[in-house]
Asker: 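Mind looking over this structure? Questions follow.
Just so you know, residue 1 is the first one in the sequence shown, and it goes up from there. Counting starts at 1 for both ligands and their atoms, following the listed order.
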Amino acid sequence: MPKCVKPIFLNMRLIDIHTHKNIKTNKDIVCVRNLFSSELNTYNPDSFFSAGIHPWHVKDMDELHQVEAVISNKNVVAVGETGLDKLKPEWDKQTELFHSHIELAKKYNKPLIIHCVRAYSEIQAIIESKKFNLPVVFHWFSGSPELARQLTAKGYFLSFGQSLFDENSKTIRAFAATDLKFIFLETDASDFSISEIYQRAANLRNIDIEQIATSVQQNFHTISGLWL
Ligand SMILES: [Zn+2]
């Protein structure tokens, strides 16, 4: 028997669940790049994507068919970002568009990446009314610990990013209060790298970066069926 076996983490790839940057996946980092309808021509089969019409872009509603054609590809691992934003106009159209994305996610058996601004109750009500039972990831989660507990109690995932660097924010308390089995990390449009965000997350929890990376990999497997 060896006296001391240091754990070896074979799967140390850092998964970035939501980014708008065109960063190539490599041996260390796997990105799920979000494609807006205006970016569908940059789709390629060698990367992972999510695709959808953002609630800020309701004017692109007519392009849902083109979005659907991309969503049907197997390396498109989620539908979105989609959702509701109370600070933006055209609430009725946002709602209609959100319903359509839920239908697409059901049709292609894919999780949802949610953009939510001040609309947590409305989004939960719609998801429940449509009996959507596939995984749901609230990206850029920046709510309170109470909201985090409420969402994760329903099995929803929360993705944290740049707001982990806002000292004394409620997001930091929410992150500390959230079970690792519901956590993702993301860059979105931030200037921080995904490595910096993982390191920050590890420091805040006082655990190794490997532990966060392993949990996120497990969570990614839960939502996509893939091991990376
Ligand atoms: Zn985004």
Asker: I'd like the atom name of the N/O/S atom in Glu81 lying closest to the Zn ion (ligand 1).
Answerer: OE2
Asker: Can you spot which of Ile114, Ile113, Leu64 makes a side-chain contact (heavy atoms from CB on, under 4.5 Å) with His101?
Answerer: Leu64
Asker: Closer than 2.8 Å to the Zn ion (ligand 1), do we get an N, O or S atom from His20, backbone or side chain?
Answerer: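 Checking His20: at least one N, O or S atom is under 2.8 Å.
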Asker: Is it the case that atom CG in Asn206 sees more than 12 heavy atoms from other parts of the structure closer than 6.0 Å?
Answerer: no
Asker: So, Glu186 and the Zn ion (ligand 1): N/O/S under 2.8 Å, yes or no?
Answerer: no
Asker: Using a distance-only test with no angle check, is there a side-chain donor-acceptor pair under 3.5 angstrom linking Gln124 and Lys154?
Answerer: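 Yes, side-chain donor-acceptor contact under 3.5 Å.
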Asker: Name whichever N, O or S atom of Asp188 ends up nearest to the Zn ion (ligand 1).
Answerer: OD1
Asker: Of Tyr120, Phe157, Phe184, Phe160, which meets ring pair (Phe, Tyr, Trp, His ring centres under 6.0 Å) against Phe138?
Answerer: Tyr120
Asker: Quick one, Thr222 and Phe182 - any side-chain contact, counting heavy atoms below 4.5 Å?
Answerer: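 They are not in side-chain contact.
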Asker: Of all the N, O or S atoms in His18, which has the shortest distance to the Zn ion (ligand 1)?
Answerer: NE2
